[in-house]
Protein chains: 2
Amino acid sequence: MPQQPPLACQSHDHQSCIDAAILAAGRICRERSVRLTPLRQQVLTLIWQSHKPLGAYAIMDMLAAATTRRIAPPTVYRALEFLLEHKLIHRINSLNAYIGCPEPENQHHSYFLICSDCGIATECPAKYLAPAIAKTAASAGFDIDDQSVEIIGRCPSCRKR
Amino acid sequence: MPQQPPLACQSHDHQSCIDAAILAAGRICRERSVRLTPLRQQVLTLIWQSHKPLGAYAIMDMLAAATTRRIAPPTVYRALEFLLEHKLIHRINSLNAYIGCPEPENQHHSYFLICSDCGIATECPAKYLAPAIAKTAASAGFDIDDQSVEIIGRCPSCRKR
DNA sequence: TCAAGTTATGTTATTGTATAACACTTTTTT
DNA sequence: AAAAAAGTGTTATACAATAACATAACTTGA
């Protein structure tokens, strides 16, 4: 089987990832007539700047540091709520943390590989997972609304070390 | 495809489930030379008495009610930690809640179907999911330590209504 | 253009989830 | 019985999320 280490585990020009994500977010919000306000864009940027999922309070502290004034939890949570609603970010339940979605234009479910060593979380292909989940739910007579798949382990880079 | 509604969604003698779980837990702890203390057994019983996953603070309140004195969070969390360690219970990340494991003797991963209507969570068969996850991780060169699969939707009983 | 309505953010307080650090008790081992 | 280990109690605190209400900023339509 061919092994493709996730992009996040390879060295790459991450600034271009961030830029692309912000551009895509702007496009999507324009299409949907919703507002990517400065705050929302700032939160999205902070999340994208980290390959590791960021907690809400980490984001709060970064915002506070950037603006030199106190930012209260609801401010951050509302921005997160907006970004989640428009699938610009995902929530990692096992970490209580948030990470940028690399393909917000394509409707898709988010399955994650999370490295317990370096902390990096990457979306993984739905190819095998999506049909397996569909079959599992169908055989139990269950109607799917939402799904959360989080695989914890060690990424290729950390395995080498 | 044959539809098998999860046991939890059917009426059944749940007391015998609880009894079996406690017996199995005793057996496992004896084998491993660890102690299923009264507190741990009490927490395990409380969790088993509920088909819905129980939060730590709900367990705290139940313990407090049963013993008529205050129980502090660490007491409960330590019991939960022990039960998790020995796979006598599972944690449902999307709910911050805990549920009994019906087959603690068999090493297995826990995949869940969670009904957003009645709140019942049931383990679902690994038949399709386990190989899909293995293939997905392998194709990314990822070593699996742990996995969390939570499918949220509506169970057969709630769909009928 | 400006008043009304809507959307977004600020602010204070509170609830829910989880752990750290240290004291004390019980069980196990020697 | 003393020492060591395991378990529980207690206090305080960190981290995660939301409720309720006030203010500001944008949008819309006469």
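Naming: A, B, ... by sequence-line order, numbering from 1 per chain.
- Contact record, Ser116(A) with Ile152(A): CB-CG2, 4.1 Å, taken as the closest heavy-atom pair.
- Not a single donor-acceptor pair, N or O on each side, falls under 3.5 Å between the base of dG10(C) and the side chain of Arg70(A).
- Atom pair Met60(A):CE and dA14(D):P shows a separation of 13 Å (rounding to whole Å applied).
- Atoms OH (Tyr77(B)) and P (dT17(C)) sit 7 Å apart, rounded to a whole Å.
- Contact record, Leu54(A) with Ile47(A): CD1-CA, 3.9 Å, taken as the closest heavy-atom pair.
- Ring-base stacking between Tyr57(B) and dT17(C) is satisfied, the centre separation being under 5.5 Å and the plane angle under 30°.
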Parsed dot-bracket for DNA chain C after applying the Watson-Crick and G-U rules with both distances under 3.5 Å and | for other-strand partners is ||||||||||||||||||||||||||||||
Atom pairs and distances, donor-acceptor, side-chain atoms in residues 27-38 of chain B, under 3.5 Å, two or more places apart:
from	atom 1	to	atom 2	distance (Å)
Arg27(B)	NE	Glu105(B)	OE2	3.3
Arg27(B)	NH2	Glu105(B)	OE2	2.5
Arg32(B)	NH1	His86(B)	ND1	3.2
Thr37(B)	OG1	Arg40(B)	N	3.3

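- Contact check, Thr75(B) against dG9(D): a side-chain N or O comes under 4.0 Å of OP1 or OP2.
- When each of Arg69(B) and Pro73(B) is assigned the nucleotide of DNA chain D with its nearest heavy atom, Arg69(B) is the one assigned upstream, toward the 5' end.
- Protein atom CG of Leu80(A) is 15 Å distant from nucleotide atom C1' of dC15(D), rounded to whole Å.
- Between the CZ atom of Arg78(B) and the P atom of dT25(C) there is a distance of 15 Å, given to the nearest Å.
- Lys52(B) and Cys118(B) make their closest contact through CE-O, 3.0 Å (heavy atoms, listed as atom of the first residue, atom of the second, distance).
- Listed by residue number, the members of residues 30-50 of chain B with any heavy atom below 4.0 angstrom from DNA chain C are Arg35(B).
- Contact between Ile71(B) and Met60(B) at its shortest, heavy atoms only, is O-CE, 3.1 Å.
- By the 6.0 Å contact criterion, NE2 on His109(A) is open, its count of non-hydrogen atoms from other residues, nucleotides or ligands being 12 or less.
- For Leu63(A) and dT11(C), the CG to C1' distance is 16 Å, given to the nearest whole Å.
- Here the closest non-hydrogen pair linking Ala21(A) and Leu44(A) is O-CD2, 4.5 Å.
- The interatomic distance linking Glu81(A) (CD) with dT7(C) (P) rounds to 14 Å, in whole Å.
- For the pair Leu129(A) and Lys127(A), the minimum side-chain heavy-atom distance is 4.5 Å or more.
- The distance between atom CG of Leu83(A) and atom P of dA8(C), rounded to the nearest whole Å, is 12 Å.
- Shown here is Gln49(B), whose CD atom has more than 12 heavy atoms of other residues, nucleotides or ligands within 6.0 Å.
- The interatomic distance linking Leu84(A) (CG) with dA16(D) (C1') rounds to 14 Å, in whole Å.
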